[in-house]
Visitor: 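Questions regarding the structure given below will be posed in turn.
Start at 1 and go down the list; that is how both ligands and their atoms are numbered. Heavy atoms only: backbone and side chains are in, while hydrogens, waters and symmetry mates are out.
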Amino acid sequence: MPHVVVVGAGPTGVVVAGLLARLGVTSTVVDRHAQPYPRPRAVHLDGEAVRVLQRFGVADGFAAISRPASGLRLLDARLRPFAEFRRSSAAGHHGHPDASLFDQPDLEALLRAALPAGAVLRGGTEVTGVPEAGSVDLRDLATGRTERLRADAVLGCDGADSTVRPAIDAGLRDLRFDQRWLVVDVRSRTPLPGWGGVDQVCDPRRAATAMHLTGERYRLEFRMRPGETRDGLVARLGELTAPWLGHLPRDDWEVLRSAAYTFRARTADRWRRGRVLLLGDAAHLMPPFIGQGLGCGLGDAHNLAWKLAAVLHGRAGDDLLDTYQAERQRHVVAVTRAAVRVGTAMTGGRGVAAAVRRPVAAALLRVPGAQARALAGITTRYPPSAWADRRSRRSPLPGTVCPQPVVEAGGRRVLLDEVLGDGFALVSAGPVDAGLRRRADALDAVEVRVDALAGWLRAGRASAALLRPDRVVLGVTPA
Ligand SMILES: O=C(O)/C=C/c1cccc(O)c1
């Protein structure tokens, strides 16, 4: 059975290992840390990312540790909202709420507990070398013992300071954003007033972020000024947090974790050398202002797992792996630029510029469709030209992700992906042409009639769609 070494046991590493195990590829997941990383990290996933967690097998577990969020608001320096991006708590396009908030330690515990037997986690272990072909050198940090492990592929999921990235001679392209922020997780016994979403305070003197995570936990973030240190700001936490916590007796709330981060926008200039590939923060860094960093890592895992499994099982050539960076980098860079736009709105301009921003942004956001465009770049859409046949190109669906409605199966109502399984799928609400069926047969696709997809197919001028294992549309029968 093919075996992969995954470097980094954060959510992206654990999820890619789990997805590979479902596809018959075993893995060793190594991490320098013996325990999950304790500093404040990701807090938000959109519905598409939760759909990846569903594939991994923890959709219900995630629902239990998260809550749907109401969306994102921009506030002025006096905390008056001037723009709002609303999210519904109902299931959206992907069958899950469009925005969910959670505490990353809860997510890491959930993922690790659900890691399938084919994936073995080894904490307290570092990678000392990634030779080109077929193996990885490891060192146990407690004993110093070294070992060479067989690896048909190596996946660098080892974050911003990746050791795999330099091993494939990848550099980082600067997408022009560098700011120091203090990130603080707080527990408050008294519920804080709020609207259930994320508040971004657009104040060039001290931009800030505030949100309720789950239960008694809240996340607050503050831009650091030049010369400020983490310890200096932590000492002034009472003053910084006063707008949110100032009305509470001091022993009503406590700081759970705090850390200073440099929020950066970067993309690796290469994501792959041979069968050594980068995922998540090892491949891209984005500021957190639209909560998309971790979701992009999970998207990388979803995109790559089925391709790598096909290559390692000998069902596809290595050139299939070329499509990984081609598809993901373009999407992630668009998301990163959207995050930088929000960050610039929060922190840029002083005096007249800051005063003008409020009415201009409010007017712009009243234009129909402007809210969607303001966060444009977030919907996954891969360029289909490389793999869509001529007939399919008349439809806008190839390259987009199929929705996930609830369907009836075996007398139960379940989410569509549960019926489609882990491979290719042919979904229809009308005729399937012979060409698409031939393609589907060659890919061993399951065929399912899904009346709940009729509206989506009709809008896409199609009666049937062939889906990849990551539910991206490969081709259609034109209607
Ligand atoms: O766009 C949304 O609905 C949420 C954005 C978000 C989530 C978490 C953290 C953030 O800084 C923004």
Visitor: Are any of the N or O atoms of Gln200 closer than 3.5 Å to those of ligand 1?
Guide: yes
Visitor: Under 4.0 Å between a Lys/Arg side-chain N and an Asp/Glu carboxylate O for Arg328 and Asp300?
Guide: yes
Visitor: In sequence, state the C-alpha distance, the side-chain angles, and the governing distance for Thr267 and Gln329, and then conclude on side-chain hydrogen bond (donor to acceptor under 3.5 Å, both in side chains).
Guide: CA-CA 8 Å; Thr267 177; Gln329 187 173 34; 2.9 Å; yes
Visitor: One residue to check: Val198. Relative to ligand 1, which of side chain, backbone, both or neither has a non-hydrogen atom less than 4.0 Å away?
Guide: side chain
Visitor: Need the ligand 1 atom indices (1-based, order shown) with element for anything under 4.0 Å from a heavy-atom of Met211.
Guide: 9 (C)
Visitor: Of all the atoms in ligand 1, which lie at a distance below 4.0 Å from a heavy atom belonging to Gly71?
Guide: 3 (O)
Visitor: What do you reckon, does Arg219 put a non-hydrogen atom under 4.0 Å from ligand 1?
Guide: no
Visitor: State whether a side-chain donor-acceptor pair under 3.5 Å links Thr262 with Gln179.
Guide: no
Visitor: Flag the pair Asp203 and Arg205 as a salt bridge only when some basic side-chain nitrogen lies within less than 4.0 angstrom of an acidic carboxylate oxygen.
Guide: yes
Visitor: Quick one: does Phe289 get a heavy atom under 4.0 Å from ligand 1?
Guide: yes
Visitor: Whether the side chain of Arg206 engages the backbone of Arg223 through a donor-acceptor N/O pair (distance < 3.5 Å, no angle test) should be reported.
Guide: yes
Visitor: For ligand 1, is there an N or O atom under 3.5 Å from any N or O atom of Pro288?
Guide: yes
Visitor: For the residue pair Thr163 and Asp158, confirm or rule out a side-chain donor-acceptor distance under 3.5 Å.
Guide: yes
Visitor: Using a 4.0 Å heavy-atom cut-off, which part of Glu221 comes near ligand 1: side chain, backbone, both, or neither?
Guide: neither
